[in-house]
Amino acid sequence: MSKQSAFEAWLACIEAEQAGVLATILQTGSPLTDPESGRLFISGEAEPMGDLGGAEINEQIIKIASQKLKENNPKSETVILILSDGREFPIFIDVYMPPIELMIFGAGHDAIPVANYSVSLGLKTTIVDSRSFYNSEERFPGTHRIVTGEDTFQDKLTIGNRTYIIVMNHHLEKDQQTLKFVLNSSSPYVGLLGPRSRRMRMLDGLKEQGIVFSEQQLSRLYSPIGLDIGAQTSEEIAISILAEVIAVKNGHTGGFLQGSEVIHHHTLN
């Protein structure tokens, strides 16, 4: 395909908020390239589009791009490819990842500061609650609201590997059915409000229904939710929860920076 096709696929990827990589060869006038070559688009949704000028260079870039699409926080960069004949080619790899989404199940009063702080952090924030009176624009400005119940989660909700989840319905059966759905998704984080005893009660209830989660699924369940900062008010609890979400997203554990030799260092994927 032409480089225009690759570039158009890249623009469509961004518009649809889907992960993708656009590789552009920076060296011009090389015998390896021609006017119709120079760009290669790679995503996890379809076959690569475009051409950098040869099978060997395409294969190397596809391998690099595929690895970046698996990372939590991949970075755009220029790489120098060395072909089998010794020639070197600088390739700019532009990575687009859709925004992190925070999906909050429950539109109660204490969900409001969680949503407000989430929006202020630039997270795509979604509120899920079947009660339209509570799940409203007035209560949750700047969010995407889905008015639905547990029976229609499968049809109404899309949860990907960049969707972080908070379950705070304050209703045992609702939270239990929500866990049943979200722990079977690819979400990297499922935070459940409430004490450990409540979590165990829900998991035991699901087990009685024949639903048993794997260790890998349960490793993504955070309960009690939030970092231990002595939070008391709804606002403080919201900060505690979002601090934990940020820590998990960045591959960190929460703790004091006092005494650390390195602060705010980059996450290694």
Side-chain angles (χ1 to χ4, degrees), residues 13-14 17-23 42-45 61-79 92-105 113-126 158-168 179 181-193 196 199 213-231 236-269:
C13 155
I14 295 173
E17 293 191 347
Q18 296 178 345
V21 173
L22 181 67
I42 304 100
S43 75
E45 307 296 325
I61 288 297
I62 289 171
K63 185 178 295 185
I64 294 172
S66 297
Q67 180 58 44
K68 282 187 173 291
L69 290 172
K70 295 176 183 177
E71 297 174 0
N72 289 329
N73 299 293
K75 307 298 182 185
S76 299
E77 62 175 329
T78 297
V79 299
F92 180 65
I93 299 179
D94 200 356
V95 183
Y96 174 78
M97 299 298 287
I100 294 293
E101 178 181 22
L102 186 71
M103 185 174 287
I104 304 169
F105 287 83
V114 178
N116 287 341
Y117 290 139
S118 175
V119 170
S120 71
L121 286 169
L123 303 180
K124 178 181 178 182
T125 307
T126 300
T158 300
I159 299 175
N161 61 4
R162 295 178 67 79
T163 305
Y164 290 69
I165 291 169
I166 297 173
V167 181
M168 51 190 314
L179 276 187
F181 176 72
V182 299
L183 282 177
N184 281 303
S185 73
S186 58
S187 169
Y189 174 93
V190 176
L192 175 64
L193 196 69
R196 179 179 182 276
R199 178 192 76 210
F213 299 106
S214 67
E215 289 186 11
Q216 192 277 334
Q217 288 173 309
L218 291 176
S219 70
R220 296 183 282 113
L221 177 59
Y222 290 74
S223 175
I225 191 175
L227 297 185
D228 183 6
I229 59 173
E236 290 177 343
I237 292 170
I239 291 172
S240 167
I241 291 171
L242 286 165
E244 182 173 75
V245 169
I246 292 168
V248 172
K249 176 181 76 71
N250 293 333
H252 283 251
T253 57
F256 292 110
L257 287 173
Q258 180 174 329
S260 298
E261 294 184 3
V262 179
I263 63 172
H264 309 311
H265 54 280
H266 295 295
T267 301
L268 298 178
N269 292 288

How long is the straight-line distance from [atom2] of [Y] back to [atom1] of [X], given to the nearest 0.5 Å?
X	Y	atom1	atom2	value
S185	I165	OG	CD1	4.5 Å
I225	R199	CD1	CZ	12.0 Å
C13	M97	SG	CE	9.5 Å
I62	I42	CD1	CD1	6.0 Å

Between the side chain of [X] and the main-chain N/O of [Y], is any donor-acceptor distance below 3.5 Å?
X	Y	answer
R162	P98	yes
S240	L227	yes
S187	T163	yes
S66	K63	no

Minimum heavy-atom distance between [X] and [Y], given as atom pair plus value:
X	Y	value
A23	I61	CB-CG2, 3.5 Å
Y117	L242	CB-CD1, 3.1 Å
G160	P188	O-CD, 4.3 Å
A19	S43	O-CB, 3.6 Å
G230	E236	O-OE1, 4.2 Å
I159	M103	CG1-SD, 4.1 Å

Got a sec, which residues hit salt bridge (Lys or Arg N to Asp or Glu O under 4.0 Å) with E17, two or more places apart in sequence or on another chain?
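Partners of E17 by the salt bridge (Lys or Arg N to Asp or Glu O under 4.0 Å) criterion, ordered by chain and then number, come out as K124.
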Taking the side chain as C-beta and beyond, is there a heavy-atom pair between [X] and [Y] under 4.5 Å?
X	Y	value
F105	V182	yes
F213	L221	no
L69	P74	no
L193	I166	no
I100	L121	no
K75	I93	no
V114	L102	yes

Just jot down the side chain to side chain donor-acceptor pair (under 3.5 Å) partners of E244, sequence neighbours excluded, or say none.
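Testing E244 for side chain to side chain donor-acceptor pair (under 3.5 Å), a comparison that skips the adjacent residues, returns Y189.
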I'd like to check the side chain to side chain donor-acceptor pair (under 3.5 Å) partners of S76; sequence neighbours left out, ordered by chain and number.
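Checked S76 against side chain to side chain donor-acceptor pair (under 3.5 Å); matches are D94.
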Which one of R220, E101, K249 satisfies the side-chain contact (heavy atoms from CB on, under 4.5 Å) criterion with Y164?
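The side-chain contact (heavy atoms from CB on, under 4.5 Å) with Y164 is passed solely by K249 among R220, E101, K249.
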